[in-house]
Amino acid sequence: MDVFFVLTNAITVACIYGLIAVAVSITWSSLGLINLAYGFVFTFAGYGAWLVSQHVGEHPLIIAAAGIAMGALAGVLVCLVVFIPLHDKPNFTTRGMIATLAISLIGSQSFLMFFGPRPKSLPDLFGFWSVDLFGVTLTSDKIGIVVCSALMLFLVVRWMKGSRRGLEIRAMMMNPHAASIVGIGIRSTGIYVMAVTGAMAGLASVLLSQTYYIAPFNGLTPLIKGVSIALCGGLGSVQGAVIAAILLGLVEALTNEFLGGQYVLMTQFLFIIAVLVVRPRGISGLLDKAREQ
Amino acid sequence: MSKKHEKSGYTWINPLAAWGTAVGNAAAPSVEVPDIREDWDKATGYKVKTHKVGRLKHYIIWPNHGEKLWSRWRWWPTRRNLLHVTGIYNRKTAIAETKILDRRPLYWLICLAFLAIAPMLFPDNMQNTLLTAGTIFGIFAAINVCWTLIIGTASIFSLASYAVVGTAAFLTSWLSVTYGVPWYVLPVIGAVIGLVFGVAIALPALRLDGFYYALLTLGLNELCRVFFTTSREFGSASGGLYGADSFISESWDPMVQSHVGYYSAFLLLLMSLSLFRLINGKRLGRILRMAPEKREAFAAACGVDYKRARIMIFLITSVALGFIGGFYAAQYRGVAFSIFSFDTVLLGLAMLAIGGIGKAEGAVLGTLVVIFLDKVLLDWGPMRHFMIGALMLAAVLFLNNGYFGIKKQFNAWREKKRGEWRSARTEKGGEALPEEATEVDDKDQLYLRRFDKIQRDYLKTLITPEIIEEHRRQPLGQHSEALERVLLYFRRARMEDKYALHRAGPEGPYKIIAFSGTRGVSPRLVDDREFATVDEGYHGVFMRRVHDLMES
């Protein structure tokens with residue numbers, strides 16, 4: 001096994017999980033909701049894209065658009081069911097987390113009931129071609145995944161920095177109470193945030209289905225990975241999540257190379273624990289008391 | 001002034017005029033007096049929509065004897081009471097009564113007794129399923145009670161409890177399979193493993209707060225799952241590790257095996273409940289009740305070492321969880337990988353969320369509900385987990401703290417509603433507000449104030465220019481009915497601040513004074529206005545009282 005091959009693999013996967021990590025991070029910092037229903041959003045988008053590919057068309061753009069739209073829809077659904085009824089109730093954080101877990105339980109069981117246990121696969125989005133770069137063979141799907149996720153992340157960050165809605169979301173990140181006082185609707189912002197982050201998870205789902213199949217319980221691994229990356233990078237920080245995704249990808253690649261595949265999770269968790277023991281709020285997490293809820 | 005005045009034109013004839021004894025007022029323009037009964041009915045009628053909602057605390061009250069007011073059942077050598085009982089005298093009847101303030105020990109006793117005899121009540125065709133489910137219930141309830149100690153009492157949001165149990169179970173099974181360790185050592189070894197695991201995961205808990213820790217432990221759980229499923233020693237091929245020594249002999253009758261399993265799990269539940277009682281109800285629990293989330297700084301300033309207490313609880317509970325893990329291995333001769341699965345954590349969390357986090361009864365009830373759905377209603381297929389998820393979601397969305405938080409939440413809601421209704425129907429005036437009314441001991445005062453307000457409202461309708469003119473003409477003597485009613489009310493006023501006339505010289509002038517109402521304290525002069533004759537003075541006092549009445 002060649003180091004560069006492993007490295008490119010790790011980067012590709014890190015890109016996908018990084019998308020979910022950024023989604024988890026943004027949701028937590030702006031809404032104060034630990035959303036553990038991204039597994040559900042992920043699978044929902046995957047099945048949505050699959051249905052579209054079966055009934056509408058197999059053009060890559062259609063499938064990607066369907067995945068993103070379905071992800072956004074699932075995100076809004078989670079927002080309507082969990083965030084809007086709960087956000088002003090006592091114990092919001094605990095209850096929100098348990099509610100999103102309940103949604104992921106309900107979701108995976110309903111997917112099992114509707115679609116059966118057999119996994120589904122999406123058509124290839126990026127065709128079959130490869131580029132030889134400095135002696136490393138980069139296949140089409142790897143390049144496509146990296147480019148797509150980087151593009152999505154870039155667009156989201158641009159939108160957050162440049163638009164009025166983005167300004168609202170950033171205001172909510174700083175101080176939700178003050179934001180609501182100056183006229184930023186907590187509920188409407190919640191819907192935007194969940195739609196955008198859901199769209200990111202939807203894209204991640206479509207991209208990951210290039211490597212894996214879509215199955216009722218397949219949302220769990222991306223969720224755990226995404227949450228771990230977000231945790232390591234610091235909840236609430238986009239650049240922290242990106243750095244953590246790259247670092248964890250490196251750890252994964254190095255472990256694969258020198259120790260063996262079964263130790264990947266162990267080294268990753270030891271790495272995360274080490275980071276968190278040194279910096280309890282992650283690599284570039286918000287400072288203490290920055291977000292109290 | 002009032003509508004009555006406009007349609008008047010009514011002239012009052014002095015009845016004394018027929019005898020010629022009326023002085024100066026044989027007839028006077030006045031107002032007709034409305035029937036006071038109508039006003040009375042209107043004022044005393046209850047206009048607010050009422051709902052039949054209980055408002056008394058329904059304590060069961062037993063008769064008592066005055067001599068036995070303080071005799072109680074106690075835990076033998078100590079002075080601790082068996083039940084929180086109070087002996088009182090009924091305020092109305094003055095009869096000695098006794099009532100139990102905290103009835104939870106009784107409910108616990110009844111429920112545990114029911115669990116103890118439950119196998120005899122199971123229907124024959126379901127006996128096997130229910131006994132199996134009951135065994136699982138006992139073990140899971142024990143785990144959840146320990147978990148409640150971590151999440152509730154220590155407020156460390158750890159999701160790794162099943163990972164501790166699973167690791168202990170796997171390692172002890174492996175020891176038993178490989179080295180033939182007998183069953184009675186397994187729980188002890190499990191406890192040691194639990195302690196080691198607890199120390200390892202307590203370290204990050206010292207640094208991380210709340211949800212960082214929750215997510216980290218979720219990851220740890222996944223890590224354990226992947227580690228145990230992929231490693232060859234722990235039987236990655238067979239879905240679990242089996243073959244450990246057990247206290248349930250395979251040579252016994254299957255029914256006997258099930259019963260032994262059920263009762264041993266029940267015993268485990270009792271043990272974990274007593275651990276809960278020992279920790280939560282004693283020093284450690286009390287220390288931590290002083291330091292709830294977000295008020296740690298205050299507790300620390302008061303000298304409470306909450307971090308130490310939390311870690312202590314965490315470690316003790318980890319030992320208990322490890323013990324349960326060893327017990328699990330000894331009971332089932334091994335353990336399956338499913339103990340580490342995300343669904344197990346989810347179901348465990350569902351159990352806590354349905355019953356209410358932080359309460360032992362919540363953990364037990366939630367476990368009962370979830371295990372019943374999961375293990376008894378097997379025919380429902382994937383629908384079971386769907387139902388559990390829906391229950392969990394509903395519990396979290398609508399209840400502040402699960403089933404056992406309903407009472408508190410309902411009471412708070414009812415208080416809020418009651419306040420809203422009360423403020424909606426409260427009128428300004430002499431009437432007492434309900435809050436105030438409960439404070440006043442002499443309830444006659446309340447009725448007096450209420451009656452007084454009704455009467456004042458009624459009299460205000462009688463004050464018209466006609467009766468004022470009638471009074472001006474002749475302050476004393478027979479008056480029309482309207483004026484007479486008003487004057488009767490005025491004359492009945494309390495001595496405190498009652499108006500009177502003060503004659504400044506032998507022939508006048510007159511000034512208005514007000515009595516102090518207290519013997520020995522002289523009256524005060526109301527104003528400097530002087531009245532030449534006593535009749536003018538009477539009318540001045542009358543006008544002042546009319547003014548006060550209309551202002552009130």
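From a predicted model like this one, the values you see are computed outputs, not experimental measurements. Below, chain A is the first sequence line, B the second, and so on; all start at residue 1.
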- From A:M113 CE over to B:H385 NE2, what is the distance, rounded to the nearest 0.5 angstrom?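 Answer for the CE-NE2 pair, A:M113 versus B:H385, is 11.0 Å.
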- Reported CG-to-CG distance for the pair A:L101 and B:L218, which is rounded to 0.5 angstrom: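 Reported value, rounded in 0.5 Å steps: 7.0 Å.
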- Tell me the residues of residues 349-359 of chain B whose non-hydrogen atoms fall below 4.5 Å from those of chain A, in number order.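 Listed by number: B:L349, B:A353, B:I357.
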- Query: Which of residues 390-402 of chain B have a heavy atom under 4.5 Å from any heavy atom of chain A?
  - Reply: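 Within residues 390-402 of chain B, the residues under 4.5 Å from chain A are B:A390, B:M392, B:L393, B:V396, B:L397, B:F398, B:L399, B:N400.
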- Top contributor to chain B contacts, counting heavy-atom pairs under 4.5 Å, from A:L220, A:V82, A:I273, A:V227: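 Ranked by heavy-atom pairs under 4.5 Å with chain B, first place is A:L220.
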If you look at every heavy atom in [X] and [Y], which pair is closest and at what distance?
X	Y	value
A:A102	B:G389	CB-O, 3.7 Å
B:F342	A:S104	CE2-OG, 4.5 Å
B:G219	A:F269	CA-CZ, 3.1 Å
A:S110	B:F386	OG-CE1, 3.5 Å

- More than 12 heavy atoms from other groups under 6.0 Å of OH on B:Y403: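 Not buried by this count: 12 neighbours or fewer within 6.0 Å.
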- Item | Whether over 12 other heavy atoms sit under 6.0 Å from B:R289 CZ |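 Yes, CZ of B:R289 has more than 12 neighbouring heavy atoms, counting only those of other groups under 6.0 Å.
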Using non-hydrogen atoms and a 4.5 Å limit, figure out which bit of [X] sits close to chain B: side chain, backbone, both or neither.
X	value
A:S108	neither
A:I224	side chain
A:V278	backbone

- Contact residues of residues 34-43 of chain A (partner chain B; heavy-atom separation under 4.5 angstrom):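 A:I34, A:L36 fall under the 4.5 Å cut-off.
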- Item | Contact leader toward chain A among B:V226, B:L223, B:I388, where contacts are heavy-atom pairs under 4.5 Å |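 Of B:V226, B:L223, B:I388, B:L223 has the most heavy-atom pairs under 4.5 Å with chain A.
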- Task: Decide yes or no for A:Q109 and B:D343: does some side-chain heavy atom of the first lie under 4.5 Å from some side-chain heavy atom of the second?
- Result: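 A:Q109 vs B:D343: side chains touch.
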- Query: For B:F227, is it the side chain, the backbone, both or neither that has a heavy atom under 4.5 Å from a heavy atom of chain A?
  - Reply: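 Side chain of B:F227 only, per the 4.5 Å heavy-atom cut-off to chain A.
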- Message: Suppose the criterion is side-chain hydrogen bond (donor to acceptor under 3.5 Å, both in side chains): which pairs have a residue in residues 145-157 of chain B, not counting sequence neighbours?
- Response: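 Sorted pair list: B:W147-B:S161, B:T153-B:N280, B:S155-B:R310.
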